[in-house]
There are 2 protein chains.
Amino acid sequence: MVAEGMISQRDAVLRLQPAQLDQLLHRVIDPAVNASPIAVGLPASPGAASGVAVFDPDAAESRNAAGEHVILVRDETTPEDFHGLVAARAVLTARGGMTSHAAVVARGMGKCAIVGCQELQLEEGQRSFTVNGNTVKEGDWITLDGATGRVFLGELPTVPSEVMRVTSGALNAAQAPTYQAFHKLMGWADAERRLKVRANADTPRDARIARNFGAEGIGLCRTEHMFFEGDRINAMREMIVARDESGRRLALRKLLPMQRTDFEGIFEAMDGLPVTIRLLDPPLHEFLPHGGEESKMLARTLKLDRADLARIVDGLRETNPMLGHRGCRLGIVYPEITEMQARAIFEAAVRVRRRGIDVMPEIMVPLVSNLAEFANQRELIDNVADQILGAMGEHVPYLVGTMIELPRAAMTADEIAQSAEFFSFGTNDLTQTTLGLSRDDSGRFLPHYLEKGIFAEDPFAVLDEAGVGKLITWAVRAGRETRSTLKVGICGEHGGEPRSVAFFHKAGLDYVSCSPFRVPVARLAAAHAALGS
Amino acid sequence: MVAEGMISQRDAVLRLQPAQLDQLLHRVIDPAVNASPIAVGLPASPGAASGVAVFDPDAAESRNAAGEHVILVRDETTPEDFHGLVAARAVLTARGGMTSHAAVVARGMGKCAIVGCQELQLEEGQRSFTVNGNTVKEGDWITLDGATGRVFLGELPTVPSEVMRVTSGALNAAQAPTYQAFHKLMGWADAERRLKVRANADTPRDARIARNFGAEGIGLCRTEHMFFEGDRINAMREMIVARDESGRRLALRKLLPMQRTDFEGIFEAMDGLPVTIRLLDPPLHEFLPHGGEESKMLARTLKLDRADLARIVDGLRETNPMLGHRGCRLGIVYPEITEMQARAIFEAAVRVRRRGIDVMPEIMVPLVSNLAEFANQRELIDNVADQILGAMGEHVPYLVGTMIELPRAAMTADEIAQSAEFFSFGTNDLTQTTLGLSRDDSGRFLPHYLEKGIFAEDPFAVLDEAGVGKLITWAVRAGRETRSTLKVGICGEHGGEPRSVAFFHKAGLDYVSCSPFRVPVARLAAAHAALGS
């Protein structure tokens, strides 16, 4: 219609809806197939996938290694399932909402997920589930349609979208009319928007995908995900259970080259674009095994008495880990962790720079509540930078900034901006603390709240403007009053949600950052916001 | 000196320091005794007490019932230790800070407590502890001095202060010169202050003590403490594990007369003064046993399969219970709980009124984050009031208000005040959410923070003015703009802390509410604040 002069490019951008984009960006069940679902859950992450059902992450990993396509089926997932999620093509859970662990991780990976499928009956220890009279055992084929939440028996044929095939390099753009239309429209959208769009990406692979989808940088690289893979978890655990600083430093020395390699790969993928790296954030007990065979092996690896190990693990347990010893509180009590991470970042930056890569690291301190915490971490980081860059005779421009994810940080943004060069609103945690609402536990009452209209929206899906939004508006203004050049972004789940993006535009943010597969949606939403729609 | 005209009454008030008052209000070790402590912990609650060491709440209860004086020694305490704390004369813990469970509960009860005594070595399952070469077994006598944190072997003589003996009725004021001086000075202080002082009290006994200490009402009556005692816990557990609403209503009917009796006693004790009653607040799993003999007995009592019971208990477990299904979220999902509590309040009010008591209930909805939640609960309460008061042909003036303990409630105070007649800042929880800081878990890093000057003060002891205080100031102004008659108070631990009281005065609050034994301190601090000192 634009080609025929019937509507303007701007009208074309305005007519395109985010949901239409989503269909273009994921696999779908072959429309020619006619099948009835055995169950329906929450459509947590779009895409379609077939695979054999597996019921624990280790089985997912070993069957995947053996070349099988697997779908991980769990009551709900935890960070310990991460390797299973990596191995699986899709995830199906009986519990949890749109922002449960499985949903968030799957969306981050661009994998199909159906969560909160309450009809599923999973028995502890049984490698099967039953639903509406059907029993699915480990190894049985199932197919998920993440866009609609439908679960099917058997292997239904799925097809990748054309846009996906071009983005992944499997198809030449010249032979892809839908991709060309998509690409043209996204270009028109980009011309209208003021908000920049970055992606949350933790690996070089995700960084490349994000870039292909038009990300203008990485807004959130979560370093902790790097510690779960392969051998690394052992070095990480060794660090955690060390009795003193020298023991921790010994373990951190093992982690350093691994972190450095990760960062090199990400910097290379994002050549010329900024990469925001968040320092270690989660509570340490998330990295430890809780009993069972894994504990036995860890005790052996670390040459520890099993009872001693159990005592250490128990001692790290917290009543409310979300509000516990995590974020910058780790780096303040154990400065050697921050130092190792800063060293890995700067060494990686110098190495890629020597290979001609244009590198722009932005180091981000998590869970800051006051200026003193931030200044403490900033000093450690600057010292490491001086030392590494001085010794290597290189100059690498870098920024040090902070997450704003606690109400107190927002309330004292004017002070924090004295030392912080950028703010990134962590709207997931800021929503949890502002509303006093645990994302992991809200499943018991949030559906009731939505049904009764007590909350108009799930605040983890659509930003709560009247509460969380008010804090953001306040902090942006206060921060920029202190430092006019303050860079301000957001890196929560809301960064890829159209209505929230419209709010961030209005609040004057510089960028939003979201999962790679949400980047086109964010680009479109940012254009819509700029066009006042 | 006042009598001699050397200084004014006002000067006398200004010269008296809160710490001096504290000495007047608690038992002390007989100053004639000369002994060396075996350990020193945090002086969490003043007073001195001797007793035999016991290592679990059941032993505390049974030995107390047998007439022994007991001191409960625990690694740390949880709500399940409550009956042991009730039975003990004092509590000693190896872990936890000034605002740990043991510290808060002991201060609330006016009992001596020493917490975070890290030198104590307690072995799981052993009924003894060792410290600096001394071993104390169950049944051995120890003496605690809560004002200094010192732990002694043996039974040292302790003496009640004169003020205490008069307040408890054991001594006639006419024969008590120190009490007379105290009373005169407190009268002068009262003449200067603008802030009213209420007490946090959950029982008629505490209400009477509070009143004798000069409390002008109850600012926080926690109804959940009433559910832990004796048979009540069974009815409460029956309610929690009920499969449906009718099962819950059946159990609630058993709780109704018990709650009503409690309220009658408290209303009587506070004749002519307002009583603020907070609806059920803690997550339900706090009421359930976690395994062991108690679970077996409960399954038998409730005629439930043990596996079924275990499943129910497991299902109620939360990752972050502080941010979970608690507060008004309970009353919204289970309106029958709010209805039962409202019924108990209004029936009790009518009964005592018919006995000539002047009753002024103020019903308080906890953990509100937006207007819709509050309005939902207010409607239930008003409906019960219409029904009970209508049926009984009585008029009882009452208010319905809310806790402001979540940042979002403070940020939207203007809206909430459309329906709420009073605000009470729950500064413990507001500190936890604003700073993203779990009171129960902060022990691992808070000492380090204080030592390094990253926090100038423990924010649970002294109100964080720059963060939490800013939210309070904002909410008071916004709330009063909507409703000029809005009554505003505070009922956290900070209500009895002098510097925090000075802030509450400045912020224009109507009253502070604190533990009964802190009431004189709060009266003095409020006078100091009014005098600009």
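Please read all numbers here as calculations on a predicted model, not as lab measurements. Values reported hereafter were calculated over all heavy atoms of this structure, with side chains retained and with hydrogens, waters and symmetry mates removed. Every chain is numbered from 1, with letters handed out A, B, ... down the list of sequences.
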Name every donor-acceptor pair, under 3.5 Å, that has one atom in a side chain of residues 411-418 of chain B and the other anywhere in the protein, sequence neighbours excluded.
| residue | atom | partner | partner atom | Å |
| --- | --- | --- | --- | --- |
| B:Thr412 | OG1 | B:Arg408 | O | 2.8 |

Heavy-atom pair count under 4.5 Å with chain A, highest-scoring of [options]:
options                                : value
B:Leu371, B:Leu435, B:Asp440, B:Leu406 : B:Leu435
B:Leu446, B:Asp464, B:Val468           : B:Asp464
B:Leu367, B:Leu316, B:Asn376           : B:Leu316

Using heavy-atom distances under 4.5 Å, tell me whether [X] contacts chain B through its side chain, its backbone, both, or neither.
X        : answer
A:Arg326 : neither
A:His325 : both
A:Ser438 : both
A:Thr319 : both

Residue by residue, scan residues 426-434 of chain A and write down, ordered by number, those that have a heavy-atom distance under 4.5 Å to chain B; if none do, write 'none'.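 The list, in residue order, reads A:Gln432, A:Thr433, A:Thr434.
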
Could you walk me through whether B:Leu288 and B:Val241 satisfy the side-chain contact (heavy atoms from CB on, under 4.5 Å) test, starting with their C-alpha distance in whole Å, then the side-chain angles of each, then the deciding distance to 0.1 Å, before giving a yes or no? CA-CA 9 Å; B:Leu288 296 178; B:Val241 305; 4.3 Å; yes

Do the rings of B:Tyr449 and B:Phe455 sit parallel, tilted or perpendicular, given the 30° and 60° boundaries?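 Perpendicular, since the angle between the ring planes exceeds 60°.
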
Does any N or O in the side chain of [X] come within less than 3.5 Å of the main-chain N or O of [Y], such that one atom is a donor and the other an acceptor?
X        : Y        : result
B:Glu373 : B:Asn370 : yes
A:Asn320 : A:Met322 : no
A:Glu224 : A:Leu280 : no

Decide side-chain contact (heavy atoms from CB on, under 4.5 Å) for A:Phe423 and A:Val476; before the verdict, give the C-alpha distance in whole Å, the side-chain angles of both, and the deciding distance to 0.1 Å. CA-CA 8 Å; A:Phe423 284 174; A:Val476 172; over 6 Å; no

Apply side-chain contact (heavy atoms from CB on, under 4.5 Å) to A:Cys491 and A:Arg278, showing your working. CA-CA 11 Å; A:Cys491 63; A:Arg278 181 176 71 185; 5.9 Å; no

Could you tell me if the side chain of B:Phe425 sits less than 4.5 Å from the side chain of B:Leu463, heavy atoms only?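 Contact flag for B:Leu463/B:Phe425 side chains = no.
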
Side chains of B:Met364 and B:Met403 in contact at under 4.5 Å (non-hydrogen atoms):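 Yes - at least one pair of side-chain heavy atoms lies under 4.5 Å apart.
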
Contacts of B:Glu379 that satisfy salt bridge (Lys or Arg N to Asp or Glu O under 4.0 Å) - sequence neighbours left out: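 For B:Glu379, no residue satisfies salt bridge (Lys or Arg N to Asp or Glu O under 4.0 Å) once neighbours in sequence are set aside.
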
When heavy-atom pairs shorter than 4.5 Å are enumerated against chain B, which of A:Ser369, A:Gly436, A:Ala372 gives the highest number?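 Counting heavy-atom pairs under 4.5 Å, the top option is A:Gly436.
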
Answer yes or no: are there more than 12 heavy-atom neighbours, outside B:Glu123 itself, under 6.0 Å from its atom CD?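 No, the 6.0 Å shell around CD holds no more than 12 heavy atoms from other groups.
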
B:Glu465 and B:Lys506 ion-paired at < 4.0 Å: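 Between B:Lys506 and B:Glu465 there is a salt bridge, with a charged N closer than 4.0 Å to a carboxylate O.
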
Could you go through B:Leu437 and B:Phe445, starting from their C-alpha distance and side-chain angles, then the distance that decides it, and tell me whether this counts as side-chain contact (heavy atoms from CB on, under 4.5 Å)? CA-CA 10 Å; B:Leu437 192 63; B:Phe445 53 93; 3.3 Å; yes

Inter-chain contacts: residues 329-338 of chain B against chain A, heavy atoms under 4.5 Å: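 So the qualifying residues are B:Arg329, B:Ile332, B:Val333.
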
So for B:Arg317, is it side chain, backbone, both, or neither that comes closer than 4.5 Å to the heavy atoms of chain A?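 Only the backbone of B:Arg317 comes within 4.5 Å of chain A.
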
